[in-house]
Asks: 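Dropping the structure in here first, questions after.
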Amino acid sequence: MLFSQKILNWYHIFGRKNLPWQKKNIYLIWISEIMLQRTQVKTVIPYFKKFKKNFPTLKSLAYANINEILYLWSGLGYYQRAHNIHKTAIIIQKTHNGIFPKNINEVKKLPGIGPSTAGAILSFAYNFIYAVLDSNVKRILIRYHAININYKTKNQLDKILWKLINQYIPIHQSRKFNQAMMDIGSIICTNKNPSCSICPLHNTCKYYIHKINFKELVHKKKNRIGILFSIIKYKNMYLLKQQNRISIWKSLFYFPITFFSISKKKYEKFKKKINNLNTIINPFIHYASNVQLYIYSHTIIIKKKKIIKNINQKKIWYDILKERKIGIPAPVKKILTLLKTKN
DNA sequence: GTCCAGGTTC
DNA sequence: GAACCTGGAC
């Protein structure tokens, strides 16, 4: 039996068919595919539903305020994606008459859409014959063909894998094929302890037959960075700043921040200093991107505050008892929730 | 406490 | 090749 036939047969019995974005609405498919970039299905579902409710159409998104988009994105991570969907919505509104393009080259030009996402969008929306090559699909192909990835650069490997997947993708059922490949990759052909016995490809898979397993390269150790949040409180309100210059959490709102080196000497010195500060939030570690953030905070309670500036300016007084439509990074949300309970 | 899953961009 | 985030598993 052909590779693609095995995949399609599996899909008809086990494939995921009721995900909230599987409705042939290209706008919603696009949003879901962006959310799914380096983010797992179960994480995306609640965010997608909330997003769909608030921005049901491309037009509503194009005219939205970026802070409102970041608010709905808060906690999902990789906030550049939120900026990119806004940019894309505006581009489509202006230069494509509000209609999401059908041409793959046009789609790939849009911010935040690479080759894999472009294939996913067009195959899911229109059943066009474009493949998806995300890490689930890559893992299947690497194992199936026992490709030794240690001798290849990322580019060389991608070229090989694209060639393979383009050979396998069936002419009439690309939508089902792509969905099934991702399902199998994430449910069966998992990174650790794959469930080969229930895999539709195991009869011809080199990894299964010959027990060939090439280990992936180990991850680089993350750098430690110290952060001090200055929690400035006035009644129920906290001072938050929108930061654009710092690369992490770009244009999200958080407490005034000080970075410090975590080199042993400086860190010890800083720790002593911190211990003298007035704080009600215990220090904690937050992993972000390629860094390990050691997050400390100190509290300053003020009796009189400056004039409240509006949302388009960089500083705001955030009332913890009121929801406000701004983007807030996960660890800052966590602190605000703690402050609420201690209020 | 540390590790893991997960595409695009520059 | 490095930067970008978070929740949950261990």
Side-chain angles (χ1 to χ4, degrees), chain A residues 30-48 70 72-88 107-121 130-142 149 152-158 161-162 165 178 181-194 215-225 227 243-254 262 282-295 327-335 337:
Chain A
W30 160 58
I31 296 297
S32 73
E33 287 306 324
I34 300 298
M35 288 186 167
L36 287 161
Q37 288 170 352
R38 290 182 78 69
T39 312
Q40 289 168 342
V41 169
K42 64 174 193 301
T43 308
V44 166
I45 289 173
Y47 284 88
F48 176 80
L70 289 166
L72 293 172
W73 211 272
S74 294
L76 195 57
Y78 295 115
Y79 299 96
Q80 198 55 46
R81 297 182 297 177
H83 291 276
N84 283 338
I85 56 164
H86 195 213
K87 280 187 206 158
T88 293
V107 174
K108 277 192 217 166
K109 278 184 205 159
L110 299 166
I113 302 179
S116 185
T117 303
I121 293 170
Y130 296 114
V132 170
L133 190 63
D134 68 354
S135 49
N136 292 309
V137 180
K138 285 181 182 180
R139 199 166 48 248
I140 295 172
L141 294 174
I142 288 166
I149 62 172
K152 293 175 182 67
T153 67
K154 195 172 157 281
N155 260 337
Q156 286 172 316
L157 182 65
D158 276 359
L161 298 176
W162 273 113
I165 199 63
N178 285 336
M181 285 297 284
M182 292 194 282
D183 291 348
I184 293 167
S186 62
I187 299 163
I188 296 173
C189 197
T190 49
N191 215 332
K192 274 189 268 175
N193 308 319
K215 278 264 179 260
E216 287 207 36
L217 299 161
V218 281
H219 287 267
K220 221 174 80 177
K221 219 179 167 186
K222 288 171 187 285
N223 288 327
R224 292 176 175 193
I225 291 177
I227 276 181
Q243 298 278 6
N244 284 313
R245 280 181 304 173
I246 297 163
S247 62
I248 196 170
W249 303 323
K250 212 173 185 174
S251 64
L252 271 61
F253 284 82
Y254 43 94
I262 209 95
N282 291 327
F284 61 97
I285 297 168
H286 180 84
Y287 286 75
S289 218
N290 60 333
V291 290
Q292 221 179 342
L293 300 173
Y294 282 65
I295 300 180
I328 298 175
V332 177
K333 248 187 174 174
K334 183 172 145 181
I335 293 174
T337 308

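Here the structure is a predicted model, which is why all the values come from computation and not from measurement. Each chain gets a letter, A, B and so on, in the order its sequence line appears, and its residues count up from 1.
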Asks: Check the side chains of N136(A) and R139(A) for a donor-acceptor pair under 3.5 angstrom, ignoring hydrogens and angles.
Replies: yes
Asks: What is the separation between atom CD1 on I187(A) and atom P on dG6(B), rounded to the nearest whole Å?
Replies: 11 Å
Asks: Can you list everything that forms a ring-ring contact (aromatic ring centres under 6.0 Å, His included) with Y78(A)? Sequence neighbours excluded, please.
Replies: none
Asks: Tell me, please, which residues at least two apart from A120(A) pass side chain to side chain contact (heavy atoms under 4.5 Å, CB included).
Replies: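 E33(A), F124(A), V132(A).
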Asks: Using a cutoff of under 3.5 Å, can you pull out all pairs of nitrogen or oxygen atoms linking the protein to nucleotides 1-3 of chain B, with atom names and distances?
Replies:
{"residue": "dT2(B)", "atom": "OP2", "partner": "Q292(A)", "partner atom": "NE2", "Å": "3.4"}

Asks: Classify the side-chain pair T117(A)/Q37(A) by whether it contains a donor and acceptor separated by less than 3.5 Å.
Replies: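 T117(A) vs Q37(A): donor-acceptor pair found between side chains.
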Asks: Using atom names, set out every protein N or O paired with an N or O of nucleotides 8-10 of chain B below 3.5 Å, distance rounded to 0.1 Å.
Replies:
{"residue": "dT8(B)", "atom": "OP1", "partner": "G114(A)", "partner atom": "N", "Å": "3.0"}
{"residue": "dT8(B)", "atom": "OP1", "partner": "G114(A)", "partner atom": "O", "Å": "3.4"}
{"residue": "dT8(B)", "atom": "OP1", "partner": "T117(A)", "partner atom": "N", "Å": "2.9"}
{"residue": "dT8(B)", "atom": "OP1", "partner": "T117(A)", "partner atom": "OG1", "Å": "2.4"}
{"residue": "dT9(B)", "atom": "OP1", "partner": "G112(A)", "partner atom": "N", "Å": "2.7"}
{"residue": "dT9(B)", "atom": "OP1", "partner": "I113(A)", "partner atom": "N", "Å": "3.4"}

Asks: Whole Å only: how far is the CG atom of D183(A) from the C1' atom of dG6(B)?
Replies: 15 Å
Asks: Using 30° and 60° as the class limits, which term best fits the ring planes of W249(A) and Y254(A): parallel, tilted or perpendicular?
Replies: perpendicular
Asks: If I take atom CG in residue N193(A) and atom C1' in nucleotide dA9(C), what distance separates them, rounded to the nearest angstrom?
Replies: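 Going from N193(A) (CG) to dA9(C) (C1'), I get 13 Å.
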Asks: Could you state the CE-C1' distance from M35(A) to dC5(C), rounded to the nearest angstrom?
Replies: 14 Å
Asks: Can you see which heavy atom on I248(A) is nearest to which on A288(A), and at what distance?
Replies: CD1-CB, 3.5 Å
Asks: Nearest-Å distance, CZ (F284(A)) to C1' (dC5(C))?
Replies: 14 Å
Asks: Distance check needed: dC5(C) P versus W73(A) CH2, whole Å only.
Replies: 12 Å
Asks: If each of N223(A) and Y47(A) is mapped to the nucleotide of DNA chain C with the nearest heavy atom, which maps nearer the 5' terminus, i.e. the 5' end?
Replies: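 The residue closer to the strand's 5' end, by nearest nucleotide, is N223(A).
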Asks: Do T39(A) and L76(A) have side chains that get closer than 4.5 Å, going by heavy atoms?
Replies: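 Yes, side chains in contact.
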Asks: Look at all strands and tell whether A330(A) reaches a base, only sugar-phosphate, or nothing, counting heavy atoms closer than 4.0 Å.
Replies: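 Result for A330(A) = sugar-phosphate.
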Asks: Does dA2(C) have OP1 or OP2 under 4.0 Å away from a side-chain N or O of N290(A)?
Replies: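 No, N290(A) has no side-chain N/O under 4.0 Å of OP1/OP2 on dA2(C).
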Asks: Would you say a side-chain N or O of S135(A) is under 4.0 Å from OP1 or OP2 of dG7(B)?
Replies: yes
Asks: Can you name the side chain to side chain contact (heavy atoms under 4.5 Å, CB included) partners of S135(A), sequence neighbours left out?
Replies: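 Testing S135(A) for side chain to side chain contact (heavy atoms under 4.5 Å, CB included), a comparison that skips the adjacent residues, returns none.
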Asks: For D183(A), what residues pass the side chain to side chain contact (heavy atoms under 4.5 Å, CB included) criterion, not counting sequence neighbours?
Replies: W10(A), R16(A), Q179(A), I187(A)
Asks: Can you tell me how far P of dA2(C) sits from OH of Y78(A), to the nearest Å?
Replies: 15 Å
Asks: Measure CH2/W30(A) against C1'/dG7(B) and give the value in whole Å, please.
Replies: 16 Å
Asks: When the nearest nucleotide of DNA chain C is assigned to T153(A) and to Q80(A) on a heavy-atom basis, which residue is associated with the more 5' position?
Replies: T153(A)
